[in-house]
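Structure, as structure tokens:
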Amino acid sequence: MTPLDTLHDAIRAATAAVAGEVEVTPESVKLEVPPRAELGDYSTNAPLLLAPRLGAPAREVAQRLAGELAASLGGALERTEVAGPGFLNLYLSDGWYVEALASVLSANERFGAATLKAPRAVDVEFVSANPTGPLHIGHARQAAYGDALSRILAYRGYEVTREYYINDYGSQVTKLGESVRALALGEPVAPDGYHGDYVDGLVPAERARELDLETLAREACDACLALIRASLERFGVRFDVWFSERSLHETGAVERVLDALGARGETYTNDGALWLRTSAHGDDKDRVLVRSSGEHTYFTSDIAYLEDKRSRGYDRLVYVWGADHHGYIARMKAVCGALGGDPDALEIVIQQFVHLLGVEGRTAMSKREGEYVTLDELVDEVGVDAARFFLLARSHDTTVDLDLDLAVRETAENPVYYVQYAHARIASILARAGSDRVAAALVALAPVEPLHASERALLRRLLAFPGELAEAAERRAPHRVASYALELAQEFTAFYRDCHVLGVEPRATESWRLALSLAARRTIARALDLLGVSAPAQM
RNA sequence: GCCCCCGUAGCUCAGCUGGAUAGAGCAUCGGACUUCUAAUCCGAAUGUCGCAGGUUCGAAUCCUGCCGGGGGCACCA
């Protein structure tokens with residue numbers, strides 16, 4: 001139980017007491033932060049919910065609720081105020097704030113973390129770019145997102161597997177092999193082949209001339225994958241599972257799943273092709289599994305892959321896809337149903353595109369022309385921290401405009417540095433105080449002076465952290481953590497401006513502020529870590 | 001034609017399972033450095049929340065239609 005949970009429970013209980021026989025759904029009773037500080041530390045909408053059901057004016061209901069809370073919260077509650085259409089605003093005592101900070105500090109490095117009684121296993125598959133070229137900026141967005149989401153889910157108690165699906169099978173791989181060979185032979189690369197500069201270095205020309213096409217394609221593919229892994233590593237992203245599409249064919253997994261679907265009566269033959277009845281499970285129309293030419297479609301691999309994931313016993317399968325794949329959601333869900341599974345266990349998060357501005361003749365993401373901006377270039381230009389924060393500060397379902405020239409010029413203005421700077425400042429204060437003094441400060445928390453408004457505001461922001469993380473995890477929304485980090489940094493900076501820490505008399509106040517600073521430092525560091533951004537002690 | 005996402009300050013974007021005077025960063029203007037780190041702070045200015053209806057005590061938020069931008073609608077991957 002966090003201090004806010006306790007407060008929220010008290011409000012729910014008081015609401016139930018006022019409601020009497022009248023039904024109120026506990027979830028709709030909110031503990032909120034008022035829009036302006038002078039409206040109180042916290043507020044609740046409960047009177048607005050109760051009023052129509054009790055047939056009484058909201059402001060009158062608020063008075064009754066205030067009475068209940070005064071009794072149950074005792075000294076923690078300084079006073080209440082009824083405001084606006086019938087909000088009840090709560091003003092909490094310094095004593096409540098002291099308890100709250102003690103609670104934050106006792107959670108230590110696990111503040112905001114959650115422990116699930118029955119940990120749910122989640123597989124997060126992301127990036128999964130074809131191993132036929134370097135990663136572009138769209139992949140960068142997916143990499144930053146998938147990794148941050150994984151970090152957040154893990155911190156919130158889930159067992160997370162990060163997975164990359166390697167499309168190392170099929171026509172695109174063959175085309176890559178052909179492109180490499182053409183270059184090695186000094187011949188023109190086919191129009192629909194791969195034309196980027198990187199193609200030349202994948203396999204030594206001499207070797208490329210000797211190998212058979214299949215082996216060459218495989219080696220070129222492996223070389224590409226090595227480049228991709230290196231780029232991701234540099235970006236701070238690591239995967240637990242690298243899953244090969246080719247392996248699904250080599251182990252017979254594809255045939256097995258086709259048999260299984262056939263046995264369930266989910267397939268049929270028409271025009272010489274094998275179809276899956278996806279339309280029976282919510283898709284617009286049925287889909288081809290085996291073409292009349294006898295070749296499997298990529299969709300068939302996807303099904304075998306899904307079945308493999310299902311067999312590994314995850315509670316949840318998260319797929320992170322680009323906006324161009326949204327049309328496949330219905331059929332993947334349908335497959336889940338056709339296999340006898342729960343379509344809701346399969347979750348597909350669509351990442352909108354990154355639209356590149358200001359770089360003449362180049363695009364953010366388009367493939368094959370070899371004219372797109374790569375993840376490596378992005379990192380070269382602005383660095384990992386700025387790139388990740390920039391990409392993570394936006395919701396996944398909004399298209400991002402990226403002006404690379406502007407981004408480079410404004411790297412120094414990236415909000416990430418503001419957050420890191422706040423962290424470095426705190427680190428500096430704590431270092432000056434020395435670890436002994438900081439340790440002593442944690443023993444007896446009790447400011448002598450009344451709390452400054454900035455101290456209260458900073459503490460309220462800290463207390464919001466667990467809730468923000470819960471929202472970010474549930475809504476698959478890492479960008480909320482980025483927003484939070486910035487707000488917390490701003491709140492600390494205001495505290496820094498208003499409340500001197502070192503050498504303040506009386507000594508108990510210095511100790512209190514050291515403790516508050518320590519909690520702020522840990523929380524900023526944690527928020528940044530969950531985004532994959534570093535928290536330097538010096539800048 | 002059908003489906004998905006978006007449209008909020010000059011720019012980039014939060015806020016969207018309904019609440020109080022709609023926010024942040026950048027840019028602009030005016031101030032503050034013998035600092036617990038000025039990569040900072042203070043102040044000013046900036047809005048038909050795309051448009052039109054509807055639901056509601058209350059709508060940026062929910063519903064419908066329209067307009068604009070992006071993406072998708074293969075026996076391609």
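Keep in mind the model is a prediction, meaning the values are calculated, not measured. Only heavy atoms go into these numbers, but all of them, side chains included; no hydrogens, no water, no symmetry mates. Each chain gets a letter, A, B and so on, in the order its sequence line appears, and its residues count up from 1.
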Let's test your reading of the model: under 3.5 Å, does the base of [N] pair with the side chain of [X] as donor and acceptor?
{"X": "A:R36", "N": "B:U21", "result": "yes"}
{"X": "A:H326", "N": "B:G72", "result": "no"}
{"X": "A:N89", "N": "B:A20", "result": "yes"}

Of A:Y145, A:F353, A:W321, the residue whose pairing with A:H396 passes ring-ring contact (aromatic ring centres under 6.0 Å, His included): A:Y145

Whole-Å distance separating the [atom1] atom of [X] from the [atom2] atom of [N]:
{"X": "A:Q352", "N": "B:G71", "atom1": "CD", "atom2": "P", "value": "10 Å"}
{"X": "A:L54", "N": "B:C57", "atom1": "CG", "atom2": "P", "value": "17 Å"}
{"X": "A:E32", "N": "B:G19", "atom1": "CD", "atom2": "P", "value": "8 Å"}
{"X": "A:N414", "N": "B:C13", "atom1": "CG", "atom2": "P", "value": "14 Å"}
{"X": "A:L176", "N": "B:C76", "atom1": "CG", "atom2": "P", "value": "21 Å"}
{"X": "A:F492", "N": "B:C36", "atom1": "CZ", "atom2": "P", "value": "13 Å"}
{"X": "A:L276", "N": "B:C75", "atom1": "CG", "atom2": "P", "value": "13 Å"}
{"X": "A:N130", "N": "B:C76", "atom1": "CG", "atom2": "C1'", "value": "11 Å"}

Applying a 4.0 Å non-hydrogen cut-off, can you work out what [X] is touching in the nucleic acid: base, sugar-phosphate, or nothing?
{"X": "A:N45", "value": "nothing"}
{"X": "A:T399", "value": "sugar-phosphate"}
{"X": "A:P34", "value": "base"}

NZ or CZ of [X] within 45° of [Y] ring axis and under 6.0 Å:
{"X": "A:R425", "Y": "A:Y496", "value": "yes"}
{"X": "A:R246", "Y": "A:Y169", "value": "no"}
{"X": "A:K309", "Y": "A:Y165", "value": "no"}

Atom C1', compared across B:G7 and B:G15: separation rounded to whole Å: 15 Å

Between [range] and RNA chain B, which residues have a heavy-atom gap below 4.0 Å?
{"range": "residues 483-491 of chain A", "value": "A:S483, A:L486, A:Q490"}
{"range": "residues 281-304 of chain A", "value": "A:K285, A:V288, A:R291, A:S292, A:Y298"}
{"range": "residues 386-397 of chain A", "value": "A:R394, A:S395, A:D397"}

From CZ (A:F87) to CZ (A:R59), nearest 0.5 Å: 11.0 Å

Ring centres under 6.0 angstrom apart (A:F243, A:Y164): no

Main chain of [Y], side chain of [X]: is a donor-acceptor contact present, judged purely on distance under 3.5 Å?
{"X": "A:T493", "Y": "A:A489", "answer": "yes"}
{"X": "A:T269", "Y": "A:G272", "answer": "no"}
{"X": "A:S247", "Y": "A:S244", "answer": "yes"}

Are OP1 or OP2 of [N] and a side-chain N or O of [X] less than 4.0 angstrom apart?
{"X": "A:Y418", "N": "B:C41", "value": "yes"}
{"X": "A:R475", "N": "B:C16", "value": "yes"}
{"X": "A:R497", "N": "B:C42", "value": "yes"}
{"X": "A:H479", "N": "B:G15", "value": "yes"}

Candidates [options] - which lies nearest the side chain of [X]:
{"X": "A:S43", "options": "B:A20, B:G72, B:G18", "answer": "B:A20"}
{"X": "A:M539", "options": "B:C36, B:A39, B:U40", "answer": "B:A39"}
{"X": "A:E413", "options": "B:G70, B:G18, B:C26", "answer": "B:C26"}
{"X": "A:L48", "options": "B:G70, B:G19, B:C36", "answer": "B:G19"}

From CA spacing to verdict: salt bridge (charged side-chain N to carboxylate O under 4.0 Å, His left out), A:R218, A:D222: CA-CA 6 Å; A:R218 194 174 290 202; A:D222 289 346; over 6 Å; no

Test salt bridge (charged side-chain N to carboxylate O under 4.0 Å, His left out) applied to A:D41 - qualifying residues, sequence neighbours left out: A:R456, A:R460

Closest contact, heavy atoms only, A:G282 versus A:A330: O-CB, 4.4 Å

Pairwise 5' ranking along RNA chain B for A:I350 and A:Q538, keeping only the more 5' one: A:I350

5' priority, RNA chain B, between A:T493 and A:A424 [closest heavy atom]: A:A424

For RNA chain B, the dot-bracket pattern of Watson-Crick and G-U pairs whose distances stay under 3.5 Å, | for other-strand partners: (((((((..((((.....[...)))).(((((.......))))).....(((((..]....))))))))))))....

Partners meeting side chain to side chain donor-acceptor pair (under 3.5 Å) with A:T267 (sequence neighbours left out): none

Flag side-chain contact, heavy atom, 4.5 Å: A:L458 against A:S454: no

